[in-house]
Q: 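One structure is given below, represented as structure tokens, and several questions about it will come after.
Counting from 1, the numbers follow the sequence of the chain as shown. These figures come from a predicted structure and were not determined experimentally.
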Amino acid sequence: MPSSSLLYLAGLLSLAAAQVYVPGSRPEGSFTWVQPRNTTVLGQYGHSEPFYPSPRTTGAGGWENAIEKAREFVAELTLEEKRYMVTGQPGPCVGNIYPIPRLNFSGLCLQDGPASLRTADYVSAFPAGVTIASSWDKQMMYDRSLSMGREFRAKGAQVALAPALGPMGRSAYSGRNWEGFSPDAYLSGIAFAQSIHGLQDAGVQATAKHYLLNEQEVLRNPVRYPNGTLQFEAISSNADDRTVHENYLWPYANAIRAKASAVMCSYNRVNGSYGCQNSKLLNGLLKEELGFQGYVMSDWFATHSGVASIEAGLDMDMPGYFLPRAFSDSGDDYLSFFGANVTQAINNGTLEMDRLDDMITRILTPYYALGQDEDFPTIDPSSAKLNTFVRESDYFRDFNLIGPSSRDVRDNHGEIIRKHAAASTVMVKNEGILPLKAPKRIAVFGNDAGEVTEGPLNQQKFEFGTLAVGGGSGASLFTYLITPLEAIKARSRQDGALVQAFLNNTQVVNSNVTNLWNPQEPEVCLVFLKGWASEGSDRLTLDLDWQGNELVEKVANVCSDTVVVTHSSGVNNLPFAQHPNVTAILIAHYPGQESGNSIVDVLYGDVNPSGKLPYTIAHNGSDYNGPITTDVETTGVDDWQSYFTEGLETDYKYFDAHNISVLYEFGFGLSYTTFEMTGLEISPVDTDTEITPAPEKREVQPGGNPALWETLYTARVTLRNTGDVRGATVAQLYITLPDSAPEGSPVRQLRGFDKIELSPGQRGTVQFDLMRRDISYWDVVSQQWLIPSGEFTVRVGFSSRDIVEVATFTAVEN
């Protein structure tokens with residue numbers, strides 16, 4: 001191609017690449033470990049074994065009728081049409097599969113993202129993934145996505161690029177943790193599946209992303225010199241087989257069992273091979289072991305080969321093009337690893353037609369299974385104007401943008417968002433100041449409390465304005481945003497209160513605070529802090545932004561009742577937690593458009609806080625053991641390596657394994673009432689059948705061997721509200737495997753939870769169903785899940801370290 005085209009292509013690839021850290025800019029407490037290149041390590045971590053051929057879809061698990069429709073459609077396609085079915089093209093949506101009018105196929109519109117339909121107007125901004133995970137409420141996880149899915153559908157988007165799981169949160173510093181749920185595989189798996197059910201019950205295809213081991217933003221993409229030649233390959237996430245199965249693959253089993261339509265492969269390499277052409281990941285684990293019946297799409301510009309990626313299991317290339325037609329030598333196509341190369345590969349025998357047909361069948365089966373061929377809404381023309389990839393309507397060929405524009409699809413979702421955000425707020429400290437008792441003098445501090453002053457999108461550089469969502473493809477375009485200050489003023493008017501606001505952090509930190517308020521000390525000082533995080537970069541510190549720690553210290557030194565509220569992506573350093581005048585701390589994460597109303601509902605006691613931490617808050621950022629790999633100062637193309645040598649010891653499992661003190665443990669959260677827990681009982685479901693260590697071999701269904709999903713034991717516990725107000729709490733079950741389990745097994749790991757709401761004095765029973773997979777480990781020798789022999793210990797409580805009831809059982813005798 002012409003040199004100008006090469007430079008254009010290099011520029012696009014550079015834009016897609018994550019930032020490269022300057023030496024010395026590593027996150028606090030992190031370190032760089034470039035693993036010595038020896039055969040032992042590479043044999044364990046640095047090699048991804050091949051798995052071919054790519055398994056063909058059968059429609060198993062309920063898609064049998066849909067797959068027949070898909071096959072009939074494929075039989076009518078020309079080769080030219082087939083290549084367009086697997087290759088994205090410029091269009092009105094973030095991702096586009098072109099229509100085929102002669103077959104009444106309207107095409108596919110793929111839209112971001114996990115917290116909102118990002119490139120659209122008059123849509124809702126929902127709580128982020130980490131926020132809804134903090135609710136520990138399975139119904140809310142479902143309802144959030146059901147509402148979101150209805151908005152996607154009404155805007156004409158068949159495919160939601162959601163929910164997000166990767167990153168899971170191996171490192172507290174990862175920039176996209178907030179898009180996912182939790183570093184705990186069990187909690188993430190439940191949230192993942194509930195989110196998929198919600199989206200697809202709304203008639204929208206769910207995309208489980210980003211598969212797999214996508215745990216940092218630094219060097220997630222290859223880096224090229226300005227002339228287009230390669231400087232560095234993307235980071236390689238290197239993990240052993242057991243770690244992959246028990247931690248990172250575990251939630252995807254939930255997702256596939258929930259019949260996720262699509263899986264998005266990730267940018268990074270896994271054990272040396274790019275995620276979108278890693279045959280072991282895509283063919284072996286996903287399509288063979290887990291029985292995935294849908295299609296694998298690439299993350300945007302994550303495809304690095306044509307036939308090699310196709311044979312490794314990639315079914316759809318997104319966005320599918322590098323250059324507009326004006327830069328193409330042929331003048332009639334877009335440059336792509338798929339596209340015209342698919343036609344050529346079929347014609348020269350490099351690619352079998354059967355594999356191409358399987359790709360298209362996988363893409364179309366969910367389309368028919370969800371009834372998207374019948375009366376699906378047209379694409380809202382306003383989406384084309386907001387498209388961040390291609391803005392020129394000349395490229396929207398064949399899309400019929402005739403429906404009403406700027407449709408308001410929000411329905412009553414504001415009420416749902418407010419309810420969910422309040423229920424997801426985690427109160428980690430309360431010395432009796434909350435709930436507020438009609439204070440007449442209120443001081444509000446912090447640049448997070450007020451209006452966003454520079455447009456409808458939150459951005460890192462914006463000093464002033466509340467932070468309700470993070471950045472990147474998971475961001476939201478707010479139709480409206482209720483700020484904390486706005487909501488506080490509205491609520492306090494009922495009490496005739498005086499509200500004074502001081503939103504300039506720098507001014508307050510550098511002032512004598514007592515000179516700011518008038519005429520006397522407020523009854524309560526509310527300090528709102530924010531912490532930005534975004535796709536494309538990782539966090540350099542766990543401190544809150546804009547001198548947040550200094551602001552709290554300054555206010556608390558002179559205000560005897562200081563309440564701190566944080567809006568951030570997840571884990572933060574909280575050095576002020578022990579300050580005697582900091583009498584309450586609320587962690588609200590990214591709550592969405594009803595931010596102010598939801599936090600006021602909690603502050604004033606209209607909602608009893610019931611959120612629980614989906615991660616651990618350590619005393620210091622340096623206490624965490626999952627560093628981002630940065631500052632690789634060698635120059636080898638392949639030198640960016642990240643070794644997951646911690647194995648299963650992530651988050652609370654690490655702190656428990658090494659008996660490390662933490663500030664607030666995983667699963668912790670306070671309430672305005674109190675609860676007791678009694679009477680833990682465990683019983684086998686079938687007392688007549690002997691439990692074998694290995695599961696019965698059955699035909700694989702979506703989610704894997706069905707025997708793994710059978711309930712073997714049930715556990716029950718009784719809870720009672722012993723306080724004065726109605727409230728909800730979460731009963732959590734943790735399991736410790738017998739001593740016969742392999743070295744590296746967690747001290748305890750979450751294997752059940754349920755949220756229950758009770759009135760004062762009311763009792764309720766919670767039941768936990770323990771499936772075979774819940775009490776098994778992955779055996780790397782036999783390559784299957786095994787139940788270890790000996791005694792299991794079951795602990796039930798209100799957090800990972802607030803254990804109330806303990807019991808034991810033996811499934812397999814020694």
Side-chain angles (χ1 to χ4, degrees), residues 9-19 48 54 86-90 94-97 110 112-114 159 161-162 164-167 174-176 179 207-224 228 230-237 248 252 262-283 285-286 294-323 334-339 341-342 359 363 388-389 472-474 535-537 640 642:
L9 174 58
L12 283 178
L13 291 172
S14 295
L15 286 174
Q19 72 181 77
S48 186
S54 186
V86 300
T87 310
Q89 299 288 330
V94 169
N96 307 272
I97 295 296
L110 292 72
D112 289 328
V159 183
L161 302 178
L165 179 78
S174 181
R176 298 185 80 174
E179 292 187 36
T207 306
K209 65 179 191 180
H210 306 87
Y211 180 82
L212 192 70
L213 302 178
N214 179 39
E215 295 298 315
Q216 71 175 71
E217 295 297 285
V218 182
L219 256 292
R220 66 176 186 171
N221 277 309
V223 174
R224 297 180 181 273
L230 184 66
Q231 181 180 6
F232 291 115
E233 297 282 11
I235 190 80
S236 180
S237 298
Y248 300 98
Y252 279 93
V263 168
M264 182 187 291
C265 50
S266 58
Y267 287 122
N268 55 284
R269 293 179 293 160
V270 176
N271 289 335
S273 177
Y274 274 102
C276 290
Q277 62 186 58
N278 188 312
S279 65
K280 177 63 175 179
L281 283 188
L282 305 183
N283 290 338
L285 299 184
L286 187 62
Y295 57 99
V296 177
M297 76 167 76
S298 71
D299 204 338
W300 270 229
F301 304 105
T303 304
H304 299 289
S305 64
V307 172
S309 293
I310 290 172
E311 297 291 13
L314 181 62
D315 301 305
M316 179 189 289
D317 180 25
M318 278 292 159
Y321 57 89
F322 290 123
L323 305 175
Y334 301 89
L335 296 177
S336 171
F337 285 111
F338 281 23
N341 292 323
V342 171
M359 295 161 69
I363 292 167
T388 55
F389 281 90
S473 60
E535 177 183 7
S537 60
W640 282 82
S642 181

Q: Shortest non-hydrogen contact from Ala162 to Pro114?
A: CB-CA, 3.5 Å
Q: State, to 0.1 Å, how close Gly313 and Ser54 come at their nearest heavy-atom pair, and which atoms those are.
A: CA-OG, 3.7 Å
Q: Assess the residue pair Ile97 and Ile363 against the criterion (side chain to side chain contact (heavy atoms under 4.5 Å, CB included)); give the C-alpha distance rounded to whole Å, side-chain angles, the decisive distance to 0.1 Å, and a yes or no.
A: CA-CA 10 Å; Ile97 295 296; Ile363 292 167; 5.6 Å; no
Q: Under the side chain to side chain contact (heavy atoms under 4.5 Å, CB included) rule, what do Leu282 and Tyr211 come out as? Steps first, then yes or no, please.
A: CA-CA 9 Å; Leu282 305 183; Tyr211 180 82; 3.9 Å; yes
Q: Is there side-chain contact between Cys265 and Leu314, with heavy atoms separated by less than 4.5 Å?
A: yes
Q: Kindly write out the residues that satisfy side chain to side chain contact (heavy atoms under 4.5 Å, CB included) with Ser266, not counting sequence neighbours, or none if the list is empty.
A: His210, Asn214, Asn268
Q: Would you mind telling me which of Asp315, Leu212, Leu286 makes a side-chain contact (heavy atoms from CB on, under 4.5 Å) with Val263?
A: Leu286
Q: Does Ala302 offer a backbone N or O that forms a donor-acceptor pair with the side chain of Ser298 under 3.5 Å?
A: no
Q: If you measure from NZ on Lys209 to CG on Leu161, what distance do you get to the nearest 0.5 Å?
A: 5.5 Å
Q: If we only count heavy atoms from C-beta on, is the Cys276 to Met318 side-chain gap below 4.5 Å?
A: no
Q: Please report the C-alpha distance between Leu110 and Val94 in whole Å, then the side-chain angles of each, then the deciding distance to 0.1 Å, and finally whether the side chain to side chain contact (heavy atoms under 4.5 Å, CB included) criterion is met.
A: CA-CA 6 Å; Leu110 292 72; Val94 169; 5.8 Å; no
Q: If you measure from CG on Asp317 to CE on Met297, what distance do you get to the nearest 0.5 Å?
A: 11.0 Å
Q: Answer yes or no: is there a donor N or O on one side and an acceptor on the other, between the side chain of Asn278 and the main chain of Ser48, under 3.5 Å?
A: no
Q: Determine whether Glu215 and Ser174 make a side-chain contact, defined as any pair of heavy atoms from C-beta on separated by less than 4.5 Å.
A: no
Q: Go through the structure and list residues passing ring-ring contact (aromatic ring centres under 6.0 Å, His included) with Tyr274, not counting sequence neighbours.
A: His304
Q: On a heavy-atom basis, which atom in Gly166 and which in Tyr252 lie closest, and how many Å separate them?
A: N-OH, 4.4 Å
Q: Which is it for Gln277 and Phe337 under the side chain to side chain contact (heavy atoms under 4.5 Å, CB included) test, yes or no, and what are the steps along the way?
A: CA-CA 12 Å; Gln277 62 186 58; Phe337 285 111; over 6 Å; no
Q: When rounded to the nearest 0.5 angstrom, what distance separates CD1 in Ile235 from OG in Ser642?
A: 5.0 Å
Q: Between the side chain of Tyr267 and the main-chain N/O of Trp300, is any donor-acceptor distance below 3.5 Å?
A: yes
Q: Provide the closest heavy-atom pair for Ser236 versus Gly272 in the form atom of the first, atom of the second, distance.
A: OG-N, 2.9 Å
Q: Looking at CG of Asn341 and OG1 of Thr87, how far apart are the two atoms once the value is rounded to the nearest 0.5 Å?
A: 9.0 Å
Q: Distance check, rounded to the nearest 0.5 Å: Phe301 atom CZ versus Tyr321 atom OH?
A: 6.0 Å
Q: How many angstroms lie between atom CZ of Arg176 and atom OG of Ser537, to the nearest 0.5 angstrom?
A: 11.0 Å
Q: Provide the closest heavy-atom pair for Glu217 versus Gly536 in the form atom of the first, atom of the second, distance.
A: OE1-N, 2.7 Å
Q: Would you check if Leu230 and Arg224 make a side-chain contact, meaning some heavy-atom pair closer than 4.5 Å?
A: yes
